[in-house]
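First the structure, then my questions, so here it is.
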Amino acid sequence: AMKLVDSKFLTSLLGVVTSAPPALVATTIFLKQVGGELSKQRLHYAWACQALSTCWSMISFFCLLNLCSRWQSSSCRIEEAKQDLLCKSKTFLIEMGCLVETSLECEVLVFIIYCFVV
């Protein structure tokens with residue numbers, strides 16, 4: 001899980017892959033309905049697409065929930081400290097600032113993932 005979250009590109013891709021297909025299906029159905037192009041036969045196809053979209057959303061929800069449940073905040077803090085210039089210093093005050101900053105960054109990341117999931 002940490003390797004997946006470590007890459008900003010993969011995290012962004014995960015967000016797009018989980019949310020784009022259902023949004024595209026819902027938008028397409030809405031535009032067809034507004035345009036008057038949703039006949040009875042197309043309505044059946046739209047229903048099937050919406051059902052698949054709902055299944056996709058449920059699978060995505062459980063995958064992201066699994067990712068959140070396996071989150072290790074200590075690993076996140078260690079990785080953040082490796083990348084942060086503030087954490088290179090060895091004075092006590094700066095080390096405390098580094099601990100607060102890396103903890104906050106990791107907690108905000110978890111909060112964003114939970115908000116996206118829910």
Side-chain angles (χ1 to χ4, degrees):
M2 190 61 199
K3 293 283 187 197
L4 180 65
V5 177
D6 189 36
S7 170
K8 291 179 182 173
F9 173 74
L10 287 177
T11 306
S12 301
L13 184 63
L14 181 66
V16 170
V17 166
T18 57
S19 61
L24 183 64
V25 167
T27 303
T28 303
I29 291 171
F30 175 75
L31 291 176
K32 293 288 184 183
Q33 177 67 27
V34 169
E37 300 175 22
L38 204 58
S39 65
K40 199 168 196 170
Q41 183 180 8
R42 286 187 178 177
L43 187 62
H44 289 291
Y45 291 129
W47 183 86
C49 288
Q50 187 60 42
L52 288 173
S53 176
T54 302
C55 290
W56 179 267
S57 295
M58 289 173 55
I59 290 169
S60 299
F61 170 77
F62 286 114
C63 287
L64 288 172
L65 195 62
N66 185 26
L67 179 67
C68 288
S69 68
R70 292 186 294 132
W71 184 263
Q72 296 177 354
S73 59
S74 60
S75 298
C76 178
R77 284 194 305 270
I78 291 169
E79 290 298 318
E80 284 293 328
K82 286 180 187 176
Q83 299 174 6
D84 201 345
L85 294 176
L86 178 68
C87 297
K88 303 295 182 205
S89 177
K90 295 299 178 191
T91 63
F92 177 72
L93 187 61
I94 293 180
E95 281 185 10
M96 292 307 293
C98 173
L99 177 66
V100 169
E101 182 189 10
T102 56
S103 297
L104 184 64
E105 287 174 350
C106 291
E107 292 304 318
V108 166
L109 185 59
V110 170
F111 177 72
I112 289 171
I113 292 173
Y114 273 119
C115 286
F116 185 75
V117 168
V118 176

State whether the side chain of Lys88 and the backbone N or O of Lys82 hold a donor-acceptor pair below 3.5 Å, judged by distance alone.
yes
How far does CG of Leu52 sit from OG of Ser57, to the nearest 0.5 angstrom?
11.0 Å
Would you check if Trp56 and Val17 make a side-chain contact, meaning some heavy-atom pair closer than 4.5 Å?
yes
Minimum-distance pair of heavy atoms, taken over all atoms of Leu43 and Leu38
CD1-CD2, 3.8 Å
Thr54 side chain to Gln50 backbone, donor-acceptor under 3.5 Å
yes
Between the CD1 atom in Ile59 and the SG atom in Cys63, the distance rounded to the nearest 0.5 Å is 7.5 Å
Count the heavy atoms of every other residue, nucleotide or ligand shown that sit under 6.0 Å from CD of Gln41, and state whether that count exceeds 12.
no
Rounded to the nearest 0.5 Å, what separation is found between the SG atom of Cys87 and the CD atom of Glu95?
8.5 Å
Distance-only, no hydrogens or angles: does the Thr102 side chain make a donor-acceptor pair with backbone N or O of Leu99 under 3.5 Å?
yes
Are Arg42 and Ser39 packed together at the side-chain level, in the sense that at least one heavy-atom pair is separated by less than 4.5 angstrom?
yes
Measuring from Glu105:CD to Gln83:CD, what's the distance to the nearest 0.5 Å?
9.0 Å
